[in-house]
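Shown next, in structure tokens, is the structure this report addresses.
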Amino acid sequence: MANAQDYSKMIQDMMGAFPVDMSAAQDVFKNQAALSEKFSKVALQAADKSAEISTKWTKETLAKLGDVSAAKEEAADYSKAMTDFASAQAELAAENMAAFAEVAKRVQSETVELMMAAGKDLGEEAQAAVKKATDDVAKAAKKATTK
């Protein structure tokens with residue numbers, strides 16, 4: 001009878017000839033975590049600023065509602081109070097929408113900057129990883145052919 005070949009030994013030898021560098025995967029994970037942290041910081045700052053704007057808007061609206069709900073001497077004063085409130089609300093809305101737009105514009109510019117930096121870093125890392133992998137494969141192939 002013929003002896004069966006030990007395929008597990010053959011696979012182990014083959015895998016040993018082509019080592020895998022896990023440090024590249026670890027670097028990718030670390031860089032992704034750092035990028036996620038930066039994006040989270042941008043989002044949290046935007047949320048904080050948006051909350052400030054909303055709170056200020058609410059407080060101003062409530063203060064103006066006090067004038068509207070106050071008892072008046074004449075019926076026409078109620079109409080004037082409502083007109084003044086509506087006018088003030090339109091002005092507040094314009095101011096606060098502009099403030100929200102500024103927050104959005106800042107988030108957009110910071111996000112673009114982060115994406116550009118990440119793309120540049122990713123390109124450099126990919127280039128270095130490909131060069132290292134090519135060198136490793138060349139060394140392994142040379143080693144395998146000289147045996």
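The first residue in the sequence is number 1, and the count goes up from there.
In this structure, Gln89 and Phe85 have side chains that are in contact, with non-hydrogen atoms separated by less than 4.5 Å. A heavy-atom distance below 4.5 Å is not found between the side chains of Lys38 and Val42.
One distance of note links NZ of Lys49 with CZ of Arg106; it measures 8.0 Å at 0.5 Å rounding. How far CD1 of Ile53 is from CG of Asp48: 10.0 Å, rounded to the nearest 0.5 Å.
Although no hydrogens or angles enter the test, the distance criterion places a donor-acceptor pair under 3.5 Å between the side chain of Thr55 and the main chain of Ala51.
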Identify each donor-acceptor pair in which a side-chain atom of residues 66-76 lies under 3.5 Å from a protein atom, sequence neighbours left out, and give them as a table.
from  : atom 1 : to    : atom 2 : distance (Å)
Ser69 : OG     : Leu65 : O      : 3.1
Ser69 : OG     : Gly66 : O      : 3.3
Lys72 : NZ     : Asp67 : O      : 2.4
Lys72 : NZ     : Ala70 : O      : 3.1

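Contact check on Lys56 versus Glu60 returns a salt bridge, with a Lys/Arg side-chain nitrogen under 4.0 Å from an Asp/Glu carboxylate oxygen.
Open room surrounds CD on Gln108; 12 or fewer heavy atoms of other groups in view lie less than 6.0 Å from it.
Evaluation of the side chain to side chain donor-acceptor pair (under 3.5 Å) rule for Asp84 yields Lys80 as partners, not counting sequence neighbours.
Transitive grouping of hydrophobic side chains (ILVMFWY, heavy atoms separated by less than 4.5 Å) keeps Phe29 and Leu114 in distinct clusters.
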